[in-house]
Visitor: 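Can you read through this structure? Questions will come right after.
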Amino acid sequence: MQQEYHPAEIETAVQKQWHEQKTFRAVEDPNKEKYYCLAMFPYPSGQLHMGHVRNYTIGDVISRYQRMQGKNVLQPMGWDAFGLPAENAAIKNKVPPASWTYDNIDYMRDQLKRLGLGYDWERELATCTPEYYRWEQWLFTRLFEKGLVYKKTAAVNWCPVDNTVLANEQVVDGCCWRCDTPVEKREIPQWFMKITDYAEQLLDDLDQLDGWPEQVKTMQANWIGRSEGLKIKFGIVDNDQTLDVYTTRPDTLMGVSYVAVAAQHPLSIKAAESNPELQDFIEECRKMETSEAAMETADKKGVATGLMAIHPVTGEQVPVWAANFVLMGYGTGAVMSVPAHDQRDYEFAQQYNLPINQVIEPIDDSESDLSKAAFTSKGRLINSQQFDGLTFADSFDAIADFLVEQEKGEKQVNYRLRDWGVSRQRYWGTPIPIINCPDCGAVAVPSEDLPVRLPEDVIVDGSGSPIKSMPEFYQCACPKCGADAERETDTFDTFFESSWYYARFTCPDNEDVMLDERANYWLSVDQYIGGIEHAVLHLLYARFFHKLMRDEGLVSGDEPFKNLLTQGMVLKDGTKMSKSKGNTVDPQALIDKYGADTARLFTMFAAPPDQSLEWSDKAVEGSYRFLNRLWRAVHEHIEQGKVTKLDVDSLSDDLKNIRRHIYQTLTKVSDDIGRRHTFNTAIAAVMELMNTLNKFNDNSDQARAVMQEALEKAVLMLSPITPHICHQLWRDLGHDEAIVDMAWPEVDESALVQDKVDLMVQVNGKLRSKVSVAADADKESIEAAALADDNVKRFIDGKEIRKVIVVPGRLINIVVAG
RNA sequence: GCCGGAGUGGCGGAACUGGUAGACGCGCUGGAUUCAAAAUCCAGUUACUUCGGUAGUGGGGGUUCGAUUCCCCCCUCCGGUACCA
């Protein structure tokens with residue numbers, strides 16, 4: 001055994017052995033309990049960052065631990081390879097996105113291998129290959145036939161100078177990030193997936209996800225946003241059109257003082273023909289940012305359209321306003337406004353001098369002052385004619401019944417969730433497999449013609465997608481009638497690819513079908529690990545896809561991810577690492593200097609996985625020092641020669657205490673890794689054990705036998721976290737079998753038995769002393785021991801004891817008067 | 001704006017079910033070793049203190065014998081907000 005710890009040598013040799021022996025190849029075996037562990041695959045941006053190191057180390061620790069538990073583990077890795085950065089790099093460096101992406105993948109694959117992550121590399125996939133994306137094209141055409149996709153116009157950010165569509169992140173303060181031109185909205189036809197058809201299931205099935213963090217389920221439930229309300233029809237004066245609104249507060253219907261519609265609403269556009277002020281307003285709204293955050297924080301503005309709506313109950317006329325806070329693409333594009341009982345309507349009404357009609361009063365007859373703010377609580381109806389005196393629930397039914405009878409409304413369940421717009425006007429993505437025929441309309445590309453391949457040898461210059469000016473790509477014949485037709489040149493949202501990769505990993509080599517029977521062996525994913533930033537969108541889309549694939553007969557379960565671990569961000573100086581801030585840490589430098597085990601140990605030790613992790617060069621050195629101490633401890637032990645057999649019955653109290661510490665540590669570490677995923681506390685516990693061993697100075701035969709036992713357990717416990725050094729130390733401790741194939745150690749319960757325990761003694765909740773009592777002492781004797789303690793006496797002397805609380809195994813609290 | 005989190009020594013964090021606040025690591029201080037330094041090892045390290053104690057987990061209130069933990073209000077920071085992934 002080498003005297004010094006040389007991580008580079010050890011790590012290279014161990015990784016070579018894993019590679020040659022195909023250690024991490026996953027083979028379906030119905031007789032073994034499977035465990036599918038998946039970390040969110042990376043976008044191949046060029047090099048690994050610390051967030052990747054953290055994400056993939058967490059996955060690897062869990063995978064290796066489960067392997068030691070005897071599970072048949074699948075841990076795959078691949079590349080989320082389509083996306084905007086490749087196009088940006090292409091513009092900057094004049095390199096086609098494809099070659100840039102493939103080069104990045106090659107480099108990052110080596111980096112992952114150097115970290116010693118136990119992946120089955122035979123299952124590697126990249127989403128930008130036709131072998132992968134052909135199957136999502138195929139699924140899309142199936143959904144097209146089923147009517148689950150449709151086309152409608154929707155707004156995009158448009159830069160009139162660059163003549164291109166901008167992503168939300170490319171809009172900075174309402175202007176184009178590259179040329180600073182004010183961004184405009186443009187309505188263009190786009191493809192949508194009917195995720196709203198699955199809204200109810202996506203909400204209800206959250207209950208199945210016991211292994212998901214509550215906060216993520218809450219965020220998804222809020223995002224889906226199920227509500228029960230009324231759809232109400234308003235007539236328009238001198239107009240045969242009607243206006244539908246949806247409200248969750250039909251009890252306030254009699255307080256409606258105006259109706260607000262989106263600027264883009266057909267009624268508003270029609271009215272603008274003879275209204276220059278409204279025209280200007282519509283134009284102004286066209287320049288607003290499309291993001292929800294921008295819409296909600298913008299000043300609320302509106303213009304009267306001049307149209308009057310007819311109240312469905314009273315028949316009274318209320319004005320129709322065009323307002324910038326009403327979205328055309330959401331709901332009916334119109335809302336009824338009740339200033340007295342909705343804060344936003346209240347502020348709008350004050351700004352434009354619209355009437356504020358109170359129709360709800362507090363149920364407890366307390367004051368409701370409408371001069372300062374709206375009264376938004378539910379209460380009792382007033383000023384509401386035949387509905388006066390009703391509660392919220394009663395008025396809901398009464399008003400619904402009334403409107404149904406009049407054919408002016410009905411009860412409706414509504415969802416905040418909107419259908420998923422999947423069209424992107426970008427090049428580097430999966431071509432949407434649709435052909436537009438002048439006669440037949442939109443026609444799905446027949447499955448025998450799939451995949452629709454994206455041309456890779458192109459020049460991207462920032463003036464729009466190159467395939468939009470490539471007749472050789474878009475010119476084609478209609479599959480139905482044979483007439484000249486054109487392909488879609490839009491591509492899919494990249495969330496499309498990441499919505500089903502977890503399933504394709506089970507059978508990535510199948511060239512004939514999207515998924516085969518192996519999917520049902522491995523799925524669902526037993527542990528999914530990724531950033532909290534994906535809590536809503538990615539995870540919701542993947543859940544949606546799973547249900548689509550289930551309904552297509554491709555998979556059997558309802559949900560893709562059984563357990564979810566959301567990791568926090570890696571920070572430096574308290575903020576997110578980013579190139580623009582110049583505070584990035586290159587993991588490669590870390591690995592080169594200290595080795596993969598130190599990088600892994602540091603990222604697991606610095607914080608629990610779901611919290612943000614603060615980077616520290618000094619703490620990395622500390623991790624490296626610990627591995628050196630571990631190495632030295634094993635080395636010094638081995639140097640003393642052969643170890644005799646352990647004789648548990650002959651041990652001194654000191655040695656019994658050491659053995660108890662070993663198995664207390666093992667109990668804690670098993671729970672920390674297996675259940676809690678708090679790797680930081682697991683590592684701390686092993687460090688504590690090592691500190692104890694270090695202080696222990698006994699060269700007797702039995703002491704050395706206990707030391708051998710301690711070091712073996714410590715190495716086994718650390719092996720999922722720092723597998724390379726543990727591989728070597730395990731060998732050095734005299735074992736022929738590779739540690740990666742060892743079982744997780746079992747706890748020797750007899751070593752844990754204790755005859756005395758220390759209990760804390762409090763007086764009035766303040767710690768005053770501690771007493772040592774027999775482990776099986778009864779309440780009375782514990783109480784007596786506490787009251788007899790000298791320091792306790794000082795605090796209770798001459799005072800009346802009101803009560804004594806004894807918490808077994810923990811503490812005694814003596815409550816005294818005064 | 002809305003939804004979801006987080007806030008504990010000089011720093012990262014621990015305290016899992018309401019029961020010893022600060023485990024473990026970093027840093028710092030002192031010591032050993034060294035010609036010297038690095039490395040390593042040992043000891044100490046929340047603040048205040050009359051050395052008895054007292055205060056203390058973002059701020060303010062509450063429940064409890066007992067609150068970092070539960071409840072209410074507020075502040076700050078972070079994530080998401082539907083075309084970044």
Side-chain angles (χ1 to χ4, degrees), chain A residues 40 42-43 45 80 82-85 156-157 165-171 190 213-216 218-223 225 290-298 325 329-330 344 417-426 493-495 498 531-538 540-541 566 568-569 571 574-576 602 605-608 610-623 625-626 628-629 632 668 671-672 675-676 678 680-681 683-688 691 694-695 758-767 770 794 802-805 807 809-816:
Chain A
M40 289 179 187
Y43 178 79
S45 56
D80 188 13
F82 275 137
L84 210 46
V156 294
N157 300 307
V165 175
L166 299 175
N168 283 341
E169 74 156 6
Q170 296 174 317
V171 180
Q190 311 198 56
E214 260 339 292
Q215 52 152 317
V216 174
T218 304
M219 279 191 259
Q220 293 221 348
N222 289 341
W223 184 263
T290 51
S291 76
E292 194 198 17
M295 301 274 302
E296 288 285 331
T297 50
F325 57 84
Y330 179 38
R344 187 178 60 189
L417 182 68
R418 315 202 289 256
D419 275 339
W420 177 13
V422 295
S423 294
R424 296 293 178 272
Q425 298 69 41
R426 286 178 231 299
D493 177 5
T494 56
F495 275 125
S498 56
I532 184 66
E533 67 273 18
H534 294 295
V536 176
L537 292 180
H538 161 63
L540 191 68
Y541 292 142
T566 48
M569 319 243 302
L571 311 176
T575 57
K576 196 174 172 172
F602 166 72
F605 182 58
D610 54 348
Q611 280 180 33
S612 59
L613 183 155
E614 177 68 30
W615 174 261
S616 159
D617 291 312
K618 286 290 183 186
V620 173
E621 279 178 43
S623 295
R625 275 205 289 270
F626 172 71
N628 273 290
R629 282 202 296 274
R632 211 174 314 121
K668 174 161 180 59
D671 189 48
D672 283 353
R675 178 182 64 90
R676 298 177 67 209
T678 51
N680 57 329
T681 52
I683 293 163
V686 179
M687 285 176 169
E688 243 181 299
N691 289 344
N694 204 28
K695 281 186 191 123
D758 283 347
L759 299 182
M760 300 303 124
V761 187
Q762 297 180 339
V763 177
N764 285 350
K766 285 185 181 169
L767 183 64
K770 62 181 173 185
R794 279 182 46 223
R802 289 208 173 139
K803 130 159 89 147
V804 179
I805 290 147
V807 183
R810 288 208 183 259
L811 60 64
I812 303 122
N813 188 14
I814 302 162
V815 184
V816 297

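Not measured: the values here are computed from a predicted model. The figures that follow rest on heavy atoms only: side chains count, while hydrogens, waters and symmetry mates do not. Every chain is numbered from 1 and lettered A, B, ... according to where its sequence line falls, protein lines coming before strand lines.
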Visitor: With a non-hydrogen cut-off below 4.0 angstrom, is E533(A) in contact with a base, only sugar-phosphate, or nothing?
Guide: base
Visitor: Can you tell me how far C1' of rC84(B) sits from CG of L84(A), to the nearest Å?
Guide: 7 Å
Visitor: What pair of heavy atoms forms the shortest contact from E614(A) to F602(A), and how long is it?
Guide: O-CZ, 4.1 Å
Visitor: Under the salt bridge (charged side-chain N to carboxylate O under 4.0 Å, His left out) test, which residues partner D672(A), sequence neighbours left out?
Guide: K668(A), R676(A)
Visitor: Using the purine O4'-C1'-N9-C4 or pyrimidine O4'-C1'-N1-C2 torsion, is rG52(B) syn (within 90° of 0) or anti?
Guide: syn
Visitor: Do any N or O atoms of the protein come closer than 3.5 Å to N or O atoms of nucleotides 61-64 of chain B, and which pairs are they?
Guide:
none

Visitor: Can you give the dot-bracket line for RNA chain B, where a pair is Watson-Crick or G-U wobble with both atom distances under 3.5 Å, crossing pairs use [ ], and | marks a partner on another strand?
Guide: (((((((..(((......[....)))((((((.......))))))(((....)))..(((((..]....))))))))))))....
Visitor: Assess the residue pair V156(A) and Q425(A) against the criterion (side-chain contact (heavy atoms from CB on, under 4.5 Å)); give the C-alpha distance rounded to whole Å, side-chain angles, the decisive distance to 0.1 Å, and a yes or no.
Guide: CA-CA 10 Å; V156(A) 294; Q425(A) 298 69 41; 4.0 Å; yes
Visitor: Produce a footprint string for nucleotides 10-26 of chain B: one letter per nucleotide, 5' end first; B if the base is under 4.0 Å from any protein heavy atom, S if only the sugar-phosphate is, - if neither.
Guide: --SSSSB--BB--BBSS
Visitor: Sequence neighbours left out, what passes salt bridge (charged side-chain N to carboxylate O under 4.0 Å, His left out) with E169(A)? Give chain and number order.
Guide: none
Visitor: Could you tell me which residues satisfy side-chain contact (heavy atoms from CB on, under 4.5 Å) with A294(A), sequence neighbours excluded, listed by chain and number?
Guide: E289(A), S291(A)
Visitor: State the syn/anti category of rG9(B) according to its glycosidic angle, syn meaning within 90° of 0.
Guide: syn
Visitor: If the cut-off is 4.0 Å, is N628(A) near the phosphate of rA39(B), judged by side-chain N/O to OP1 or OP2?
Guide: no
